[in-house]
Amino acid sequence: MDFFNLPPALRSNVYTALRQLSLRALSTHSASYTDPPPPPPETLLTLSPTSLNSYTTSLPPTAPQLKHAQTFFASSPPHILFTAAHFRSLPSSPHPEIAFLGRSNVGKSSLLNALFNTTANHTAYVSKRPGKTRTMNGFGIGGTGMGAAPLSGEKEAAWKRFGMGGMVVVDMPGYGGGSREEWGEEALKYLSKRKQLRRTFMLVDTEHGLKQSDLSLLTHLRRSGIAYTIVMSKADKLLHASAKTPGALRLSNKLRELRQ
């Protein structure tokens with residue numbers, strides 16, 4: 001059929017019908033190829049300290065590392081930088097901190113005195129009665145030395161005069177028997193909120209093993225993403241119960257049994 005030979009009226013009707021069909025087809029084609037609707041907004045991923053940290057088993061220190069540590073801790077005597085019963089009383093110091101934790105009378109003070117090489121004058125107070133450490137005590141180690149003392153009539157915090165390049169070892173109050181609830185509350189605030197904290201060392205009595213309070217603290221450290229190292233204390237009680245030190249062979253056998 002020749003479109004142009006049709007009568008004008010019929011040709012006009014056909015043209016109108018074809019135009020409507022083409023517009024309808026174009027509209028359907030455009031609708032089928034429109035951009036897909038935007039996806040719903042993604043919910044924000046809630047990041048917890050546990051998801052942001054990985055946990056590995058540290059290797060025993062090598063001989064050069066032990067020598068370096070001995071030199072570091074013996075480079076200068078420890079300086080008591082702060083003593084605080086409450087978290088809000090802690091200074092906002094620029095020095096990194098490590099904290100020693102454990103049940104009351106687990107041997108934290110004895111370990112610190114051995115670490116500081118001050119077993120003779122007892123930098124950290126040692127007692128057979130549990131609960132003697134009642135405050136958070138910070139000891140400065142390895143810094144470039146204390147600055148000049150304040151002039152007469154002036155007061156200045158010791159931690160402000162502590163040299164850079166060192167760190168602060170914090171002796172925490174013990175938990176468990178002989179402890180108090182408020183000590184534990186302040187210690188947990190320190191562990192969760194102290195920005196200067198780099199690692200914790202948790203002492204466990206080798207003779208008695210893990211108590212429920214130890215397990216609770218380990219769970220808190222893990223869930224909060226706080227780095228920790230477990231230190232087994234009082235291993236000598238398993239090696240030789242009596243006051244007399246056994247011979248080299250017997251001591252070696254006991255050590256082998258303990259490691260197994």
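Worth knowing before you read on, the calculation uses all heavy atoms, side chains too, and leaves out hydrogens, waters and symmetry mates. All figures in this text were calculated on a predicted structure; none of them were measured in a lab.
The OG1 atom of Thr83 lies 7.0 Å from the CZ atom of Phe139; values are rounded to the nearest 0.5 Å. Taking CZ of Arg223 as the start and OG of Ser192 as the end, the distance is 13.0 Å to the nearest 0.5 Å. In this structure, OG1 in Thr200 is found 6.5 Å from CG in Leu191, a value given to the nearest 0.5 Å. Interatomic distance, CZ of Phe162 versus CZ of Phe82, reported as 11.0 Å (0.5 Å rounding).
Between Gln196 and Ser92, the closest side-chain pair of non-hydrogen atoms falls below 4.5 Å. Between Ile141 and Leu115 there is no side-chain heavy-atom pair separated by less than 4.5 Å. Put simply, the side chain of Phe73 does not reach to within 4.5 Å of the side chain of Asn117, judged on heavy atoms. Between Leu217 and Tyr228, every side-chain heavy-atom pair lies at or beyond the 4.5 Å cut-off. Between Glu97 and Arg199 there is no side-chain heavy-atom pair separated by less than 4.5 Å. Between Leu215 and Gln212, some side-chain heavy-atom pair lies under the 4.5 Å cut-off.
Take Ser213 and apply the side chain to side chain donor-acceptor pair (under 3.5 Å) test, not counting sequence neighbours, and it matches Arg103. Taking His86 as the reference, Arg88, Ser89, Glu186 meet the side chain to side chain contact (heavy atoms under 4.5 Å, CB included) condition, with sequence neighbours excluded. Gln70 pairs by the side chain to side chain contact (heavy atoms under 4.5 Å, CB included) definition with nothing, not counting sequence neighbours. Shown here are the side chain to side chain donor-acceptor pair (under 3.5 Å) partners of Asp205, two or more places apart in sequence or in another chain: there are none. Looking at residues two or more places apart in sequence or on another chain, you find a side chain to side chain donor-acceptor pair (under 3.5 Å) between Thr62 and Gln65. Partners of Ser233 according to the side chain to side chain contact (heavy atoms under 4.5 Å, CB included) rule, which considers only residues two or more places apart in sequence or in another chain, are Val106, Leu203. Listed by chain and number, the residues in a side chain to side chain contact (heavy atoms under 4.5 Å, CB included) with Pro96 are Met167, Arg198 (sequence neighbours excluded).
For the pair Ala84 and Leu90, the tightest heavy-atom approach, listed with the atom from each and the gap, is CB-CD2, 3.6 Å. Residues Met232 and Thr206 come closest through the heavy atom pair CB-OG1, 3.3 Å. The minimum heavy-atom distance between Gly166 and Phe72, with the atom names listed, is CA-CZ, 4.5 Å. Of all heavy-atom pairs between Leu218 and Met202, the closest is CD2-SD, 3.4 Å.
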Check against side chain to side chain contact (heavy atoms under 4.5 Å, CB included), Phe87 and Arg194: CA-CA 9 Å; Phe87 175 75; Arg194 187 66 168 170; 4.3 Å; yes

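Cluster membership for Ile98 and Leu66, using ILVMFWY side-chain heavy atoms within less than 4.5 angstrom, is not shared. Residue Ile230 is grouped with residue Val170 when hydrophobic side chains (ILVMFWY) are merged at heavy-atom distances under 4.5 angstrom, including chains of intermediate members.
Residue pairs meeting the ring pair (Phe, Tyr, Trp, His ring centres under 6.0 Å) criterion with at least one partner in residues 187-222, sequence neighbours excluded, are Phe100-Phe201. Within the structure, the salt bridge (charged side-chain N to carboxylate O under 4.0 Å, His left out) test picks out no pair touching residues 59-68 (sequence neighbours left out).
Distance alone, capped at 3.5 Å, places no donor-acceptor pair between the Glu207 side chain and the Lys234 backbone. Side chain of Asn113 to backbone of Ser110: no donor-acceptor contact under 3.5 angstrom is found.
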